[in-house]
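Notes for the one structure printed next.
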2 protein chains.
Amino acid sequence: MNTTAKPPRTIVDADTAAARILDAAETLFYREGSRNVGVDAVVREAGVNKMSLYRQFSSKDELLRRYLQRRDDRFWGYVDASLELHPHDAAAALRQFFADLAERAGNPAYRGCPFVNIAVEYPEREHFARVFVADNKRQLLQKLTELATRAGARDPAALAKGLALLIEGAYAASQTYAPETELLSALPATADLLIAAAMLS
Amino acid sequence: MNTTAKPPRTIVDADTAAARILDAAETLFYREGSRNVGVDAVVREAGVNKMSLYRQFSSKDELLRRYLQRRDDRFWGYVDASLELHPHDAAAALRQFFADLAERAGNPAYRGCPFVNIAVEYPEREHFARVFVADNKRQLLQKLTELATRAGARDPAALAKGLALLIEGAYAASQTYAPETELLSALPATADLLIAAAMLS
DNA sequence: TGACGATGTTACCGACCGGTAACATTACGT
DNA sequence: ACGTAATGTTACCGGTCGGTAACATCGTCA
């Protein structure tokens, strides 16, 4: 008897196939690492055929590009969501961002900053994915500097850099330190301290 | 004519072969990532035969174990070198560590914290390499807490956690931010600020 | 109905991966 | 001088990688 009956041939149009593939890539690339995940795993997760991937995306590298863009969009969504809570108080907006970041990074499913992970995965600084990461971080530093200025910091650039270091630290620590150390619990207070110190005349 | 003459068969004893293999692994695993480097690349770099590797190390995983131990020793060497400069001034010792860290992380050949990189490379928290990393970080936090206590901080655990976040941030930022942003230049001053603020009565 | 374009399926390619067996060669103790 | 143990060399294993060709099947529209 045939216990391994073939699943019915399901047919999806190109657009939904591309969407499912991107969803699968976002999940797997983030959770396992883009270099650790093969295209076969992506199509399996997406429930589509391998040829459907290569008819929608020219290569795995292009899929990686689309993944990075999605992560970028998602990241700025997080930032905006935090900042919008305090549209007229830049210092409060900064504090809000760190509180929300500590919340996110404490989630057990959190796997660190996707851009930090990319930087680790690809050794060459000139790799297109690394360049994408550097752009994202540059924009983040610019946003932090702008907020520090609006908050009235004496040295906005210095405050922004200090906060940027803290942010990267939260990303990395979420993966390196065991959860029991509760390192992230110190994140909001430390950020508050830096912000407050930057305001003193 | 034979333009591709075989290199002479050089023969090295087991101990020096093992040492050369470990040196090669340390270089390559750190620079390219342990998962991105194959055993063939290691033996090529070491200038030994592949069988010499598998006669000295039971598997690539054991080579990874030895690599981690080497990196751990090297790391605590860095720490001790900084702290020994101020044996009777814990606050100064902490500041010294951050100054030295900023120096190291600013080197163009720097490829971030080897333990952070391991945490990115291996998704499962239970993987032996991840456990090793968590142990290293736990010991670092303990050392920081001890120093914060000796320095007279009001809340040593809080200061230690803040400094630990900054350290992880420096590691990650060295790879994610473009060198032009000079984010690391803000590291010593930010650490000094946290240390000073923790002393206020 | 029939034809055409889009999709699914299978099989395959060359390259690399970690790891090993079999054998050639060398160094060294007796 | 000879035998033995350690080392070097070659070839290979099964598995996975990114990517593709060939063909079967489907939906759609004339």
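Because the structure is a prediction, the values reported are computed rather than measured. Note on naming: letters A, B, ... go to the chains in the order of the sequence lines (proteins, then strands), and numbering restarts at 1 for each one. All values below come from the heavy atoms of this structure, side chains included, with hydrogens, waters and symmetry mates left out.
Computed from coordinates, the A/Gln56 CD to D/dG19 C1' distance equals 16 Å when rounded to whole Å. Atom CG in A/Asp15 sits about 13 Å away from atom C1' in C/dT7, given to the nearest Å. A/Glu62 places its CD atom 15 Å from the C1' atom of D/dG18, with the value rounded to the nearest Å.
Partners of B/Ala41 according to the side-chain contact (heavy atoms from CB on, under 4.5 Å) rule, which considers only residues two or more places apart in sequence or in another chain, are B/Leu28, B/Val37, B/Arg44. Under the side-chain contact (heavy atoms from CB on, under 4.5 Å) criterion, A/Asp89 pairs with A/His86, A/Ala91, A/Ala92, sequence neighbours left out.
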Please write out the pairs of protein N or O atoms and N or O atoms of nucleotides 17-20 of chain C separated by less than 3.5 Å, giving the distance to one decimal.
from: C/dG18; atom 1: OP1; to: B/Lys60; atom 2: NZ; distance (Å): 2.7
from: C/dG18; atom 1: OP2; to: B/Val39; atom 2: N; distance (Å): 2.7
from: C/dG19; atom 1: OP2; to: B/Tyr54; atom 2: OH; distance (Å): 2.7
from: C/dG19; atom 1: OP2; to: B/Lys60; atom 2: N; distance (Å): 2.8
from: C/dG19; atom 1: O5'; to: B/Tyr54; atom 2: OH; distance (Å): 3.4
from: C/dG19; atom 1: N7; to: B/Lys50; atom 2: NZ; distance (Å): 2.8
from: C/dG19; atom 1: O6; to: B/Lys50; atom 2: NZ; distance (Å): 2.6

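Using a 4.0 Å heavy-atom distance criterion, A/Ala17 is classed as making no nucleic acid contact.
Comparing D/dT7, C/dT9, D/dT9 against the side chain of B/Asn49 picks out D/dT9 as the nearest.
The main-chain N or O of B/Arg35 is found under 3.5 Å from a side-chain atom of B/Glu121 such that the two form a donor-acceptor pair.
Residue A/Ser52 places at least one side-chain N or O under 4.0 Å from the OP1 or OP2 atom of C/dG8.
Between A/Arg55 and B/Arg55, the residue anchored closer to the 5' end of DNA chain C is A/Arg55, taking for each the nucleotide with the nearest heavy atom.
A donor and an acceptor atom, one from each side chain of A/Gln69 and A/Asp73, are located under 3.5 Å apart. If you check the side chains of B/Thr27 and B/Glu45, you find no donor sitting under 3.5 Å from an acceptor.
Taking CG from A/Leu147 and CG from A/Leu159, the interatomic distance works out to 9.5 Å, rounded to the nearest 0.5 Å.
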